[in-house]
Chemist: 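First, the structure itself, so that you have it in front of you.
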Amino acid sequence: MKKLLLISLLGSFFAPFSVSAGEWEFDITGTGKGIYGYSAVTPKNKKHSHSNQATGSTEINTSAIYTFDNQDYNLGIFLDIMGGVDKELKNYNQGTWGEEIYSIADTPYGRVMIGQTYNVAAQFYEGSPTTGAFTSNSDIVDFMRNPNWIRNNKTTRFSTLNSVYINTDGVAPKFSYISPEFKNTSIGLSYIPETYNRRGLVNKHAPYANKDGFVTALHTYQELSGININFSAAVAQFHDDDKELSTSINLQYGNWSLGGGYRKTYVDGTETSTTYDSKLPFLYDTYREAHSWEIGIGYEFGPFKSSISYFESQADNLPNQDKIWTLSNQYQVNKYLNIFLAVAHVNFEEYSHNIYDNNQGWVFASGIGLNF
């Protein structure tokens with residue numbers, strides 16, 4: 001199936017040559033981020049944590065877009081390369097680095113995407129505003145280990161959800177379609193032939209790793225009394241894995257934004273695993289019966305951006321849970337350089353009372369971001 005997706009992708013790339021004259025546009029951009037963090041954990045967790053940690057990440061985005069003469073049609077092929085140093089979750093496609101190759105065709109009848117992309121629910125998600133050093137929950141666990149979220153060369157286990165948008169399939173190769181806007185509203189569909197992907201939640205040895213999935217999502221943008229309202233809702237079915245629901249909203253007024261979201265996963269007929277073996281660790285997939293939610297507020301004034309948010313995730317049938325408070329700031333020095341300053345408080349609880357299975361404390365982080 002992955003070979004079929006690649007063939008389709010290459011076919012769509014060469015199609016313009018035989019259809020109509022037009023113009024090519026090529027582009028390459030990149031970003032880099034270096035963060036130093038200091039963690040101050042509670043005394044009982046101190047011997048299992050590293051107080052000082054530095055991480056680095058980079059991403060290079062390349063594109064080749066062909067626009068037809070009538071301007072109503074364009075087709076592009078995209079290649080994104082990313083990598084990270086000293087990241088806690090090895091969740092790029094190849095572990096410490098990864099690639100995403102995909103094609104996008106825009107027409108009056110909608111957008112078609114083929115390749116390694118996030119599903120339409122993730123693309124539509126609004127939620128709480130983020131900025132700076134901590135733009136995702138995974139950024140925070142680089143400095144404060146979470147026993148509920150493990151992905152490295154030997155083990156994959158997600159006992160709770162690590163996001164509010166639907167990310168179970170990560171950037172597994174897929175077919176997606178987004179309808180044209182009607183009254184500022186679009187509908188999207190994604191079909192995922194094989195659910196497993198390192199940027200998602202699935203263990204590659206799980207019995208459902210190679211099963212398919214469907215995602216349907218809605219996004220709407222409205223304006224009311226000077227308030228810009230973005231809303232999304234989505235449902236997903238990952239066969240033999242789980243069913244999922246998510247919703248989000250973001251309100252923007254002047255320099256302020258307020259947003260949040262909710263996600264629910266559940267299983268019909270098949271309980272989540274509690275059996276340990278060398279390939280499938282204990283409680284490796286209890287994210288399949290869980291829920292998560294977030295709320296946050298953001299402010300932007302000139303080159304300065306700031307956000308404060310709260311995220312909570314919990315397994316439905318176990319005490320495993322995550323609570324994260326985040327305050328993150330960014331100052332844009334110029335178009336090439338950003339400065340970050342952030343603080344977070346976390347409380348991660350596992351299924352036992354063992355000290356190693358829990359973590360609680362503060363993270364203080366600073367760093368720089370480069371745009372090139």
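These numbers come from a predicted model, not from an experiment.
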Chemist: Judged by atom type as modelled, is there a donor-acceptor pair below 3.5 Å linking the side chain of Asn148 to the main-chain atoms of Glu349?
Modeler: yes
Chemist: Between OH of Tyr331 and OG1 of Thr131, what distance do you get to the nearest 0.5 Å?
Modeler: 14.0 Å
Chemist: So, Thr62 side chain and Leu79 main chain: donor-acceptor pair closer than 3.5 Å or not?
Modeler: yes
Chemist: Honestly curious: do Leu251 and Ile308 fall in one hydrophobic cluster under the side-chain, below-4.5 Å linking rule?
Modeler: no
Chemist: Check the orientation of Tyr165 and Tyr118. Use parallel for under 30°, tilted for 30 to 60°, and perpendicular for over 60°.
Modeler: perpendicular
Chemist: Name the one of Asp169, Asn119, Asn197 that satisfies side chain to side chain donor-acceptor pair (under 3.5 Å) with Lys174?
Modeler: Asp169
Chemist: Check step by step if ring-ring contact (aromatic ring centres under 6.0 Å, His included) holds for Phe68 and Tyr66.
Modeler: CA-CA 7 Å; Phe68 294 88; Tyr66 186 89; 5.1 Å; yes
Chemist: If you apply the rule side-chain hydrogen bond (donor to acceptor under 3.5 Å, both in side chains), what do you find for His219 with Glu126, and how did you get there?
Modeler: CA-CA 9 Å; His219 182 276; Glu126 295 292 342; 2.7 Å; yes
Chemist: Quick check on Phe26: does its CZ atom have over 12 non-hydrogen neighbours (other residues, nucleotides or ligands) under 6.0 Å away?
Modeler: yes
Chemist: Is there a donor in the side chain of Asn52 and an acceptor in the side chain of Tyr36, or the other way round, less than 3.5 Å apart?
Modeler: yes
Chemist: Begin with the C-alpha distance, continue with both residues' side-chain angles, and end with the deciding distance and a verdict on side-chain hydrogen bond (donor to acceptor under 3.5 Å, both in side chains) for Thr185 and Thr220.
Modeler: CA-CA 4 Å; Thr185 301; Thr220 187; 2.8 Å; yes
Chemist: For the pair Arg145 and Glu88, evaluate salt bridge (charged side-chain N to carboxylate O under 4.0 Å, His left out) and give the outcome as yes or no after the intermediate values.
Modeler: CA-CA 7 Å; Arg145 179 190 61 85; Glu88 176 68 16; 5.8 Å; no
Chemist: Just to verify, which of Glu294, His291, Glu244 counts as forming a side chain to side chain donor-acceptor pair (under 3.5 Å) with Arg263?
Modeler: Glu244
Chemist: So does Gly132 get a backbone contact from the side chain of Lys305, meaning a donor-acceptor N/O pair under 3.5 Å?
Modeler: no
Chemist: Got a donor-acceptor contact below 3.5 angstrom from the Ser103 side chain to the Gly76 backbone?
Modeler: yes
Chemist: Give me the one residue out of Asp27, Ile65, Asn61 that meets side-chain contact (heavy atoms from CB on, under 4.5 Å) with Phe78.
Modeler: Ile65
Chemist: Report whether Ile324 and Phe143 are members of the same hydrophobic cluster (ILVMFWY, side-chain heavy atoms less than 4.5 Å apart, transitive linking).
Modeler: yes
Chemist: Between Phe231 and Ser248, which heavy-atom pair has the shortest distance, and what is it?
Modeler: CD1-O, 3.2 Å
Chemist: Test your reading of the model: is there a side-chain donor-acceptor pair from Asn184 to the backbone of Gln222, 3.5 Å cut-off?
Modeler: no
Chemist: Please walk me through it: do Gln321 and Glu312 pass side-chain hydrogen bond (donor to acceptor under 3.5 Å, both in side chains)?
Modeler: CA-CA 7 Å; Gln321 64 177 353; Glu312 183 170 319; over 6 Å; no
Chemist: Consider only side-chain heavy atoms of I, L, V, M, F, W and Y, link residues closer than 4.5 Å, and tell whether Phe348 and Leu89 are in one cluster.
Modeler: yes
Chemist: Could you report the tightest heavy-atom contact between Leu75 and Ala105, atom names first, then the distance?
Modeler: CD1-CB, 4.1 Å
Chemist: Would you say Leu280 ends up clustered with Trp149 if hydrophobic residues are merged whenever their side chains have heavy atoms under 4.5 Å apart, either directly or through other cluster members?
Modeler: yes
Chemist: Do Thr117 and Gln123 have side chains that approach each other closer than 4.5 Å (heavy atoms only, starting at C-beta)?
Modeler: yes
Chemist: Parallel under 30°, tilted from 30 to 60°, perpendicular over 60°: which one fits the rings of Trp325 and Tyr310?
Modeler: tilted
Chemist: Any chance you could measure Ser306, atom OG, to Leu341, atom CG, to the nearest 0.5 Å?
Modeler: 9.5 Å
Chemist: From Arg157 CZ over to Phe282 CZ, what is the distance, rounded to the nearest 0.5 angstrom?
Modeler: 8.5 Å
Chemist: For a quick test of reading the model, state the closest non-hydrogen atom pair linking Pro173 to Pro193 and the distance between them.
Modeler: O-CD, 3.3 Å
Chemist: Can any side-chain N or O of Thr216 pair as donor or acceptor with the backbone N or O of Val235 at less than 3.5 Å?
Modeler: no
Chemist: Can you tell me how far the CD atom of Gln252 sits from the CD atom of Glu300, to the nearest 0.5 Å?
Modeler: 9.5 Å
Chemist: Would you find a donor on one side and an acceptor on the other, under 3.5 Å apart, between the side chain of Ser159 and the backbone of Thr286?
Modeler: no
Chemist: Is the backbone of Arg288 close enough, under 3.5 Å, to the side chain of Thr265 for a donor and an acceptor to pair up by distance?
Modeler: yes
Chemist: Is it the case that more than 12 heavy atoms not belonging to Phe304 sit under 6.0 Å from its CZ atom?
Modeler: yes
Chemist: Between Thr58 and Thr31, is there a donor-acceptor pair closer than 3.5 Å when you use the side chain of the first and the backbone of the second?
Modeler: yes
Chemist: Examine distances only and state if a side-chain atom of Ser39 and a backbone atom of Met144 form a donor-acceptor pair shorter than 3.5 Å.
Modeler: no
Chemist: Between Gln360 and His345, is any pair of side-chain heavy atoms under 4.5 Å apart?
Modeler: yes
Chemist: To the closest 0.5 Å, what do you measure between OH (Tyr208) and CG (Asn210)?
Modeler: 12.0 Å
Chemist: Is it true that Asp241 and Tyr287 share a donor-acceptor pair across their side chains at a distance under 3.5 Å?
Modeler: yes
Chemist: Between the side chains of Asp322 and Asn162, does any donor sit under 3.5 Å from an acceptor?
Modeler: no
Chemist: Less than 4.5 Å apart, any side-chain heavy atom of Arg111 and any of Ile104?
Modeler: yes
Chemist: If two hydrophobic side chains count as joined below 4.5 Å and joins carry through other members, does Phe340 share a cluster with Phe134?
Modeler: yes
Chemist: Is it the case that more than 12 heavy atoms not belonging to Tyr109 sit under 6.0 Å from its OH atom?
Modeler: no
Chemist: What I'd like to find out is whether the side chain of Tyr102 reaches to under 4.5 Å of the side chain of Met113, using heavy atoms alone.
Modeler: no
Chemist: Considering all heavy atoms of both residues, which atom of Pro180 and which atom of Gly110 are nearest to each other, and what is their separation?
Modeler: CG-N, 3.6 Å
Chemist: Atom CG in Asp86, atom OG1 in Thr55: separation rounded to 0.5 Å?
Modeler: 7.5 Å
Chemist: Please report the C-alpha distance between Gln314 and Thr160 in whole Å, then the side-chain angles of each, then the deciding distance to 0.1 Å, and finally whether the side-chain contact (heavy atoms from CB on, under 4.5 Å) criterion is met.
Modeler: CA-CA 6 Å; Gln314 184 163 3; Thr160 58; 5.7 Å; no
Chemist: If you compare all heavy atoms of Ala172 against all heavy atoms of Thr195, which two are closest, and at what distance to 0.1 Å?
Modeler: CB-O, 3.9 Å
Chemist: Of all the heavy-atom pairs spanning Ser313 and Leu161, show the shortest one and how long it is.
Modeler: OG-O, 2.7 Å
Chemist: Between Ser307 and Thr130, is the side-chain hydrogen bond (donor to acceptor under 3.5 Å, both in side chains) condition met? List the steps.
Modeler: CA-CA 6 Å; Ser307 65; Thr130 61; over 6 Å; no
Chemist: So Trp293 and Tyr262, ring-ring contact (aromatic ring centres under 6.0 Å, His included) or not? Walk me through it.
Modeler: CA-CA 4 Å; Trp293 63 277; Tyr262 176 79; 8.6 Å; no
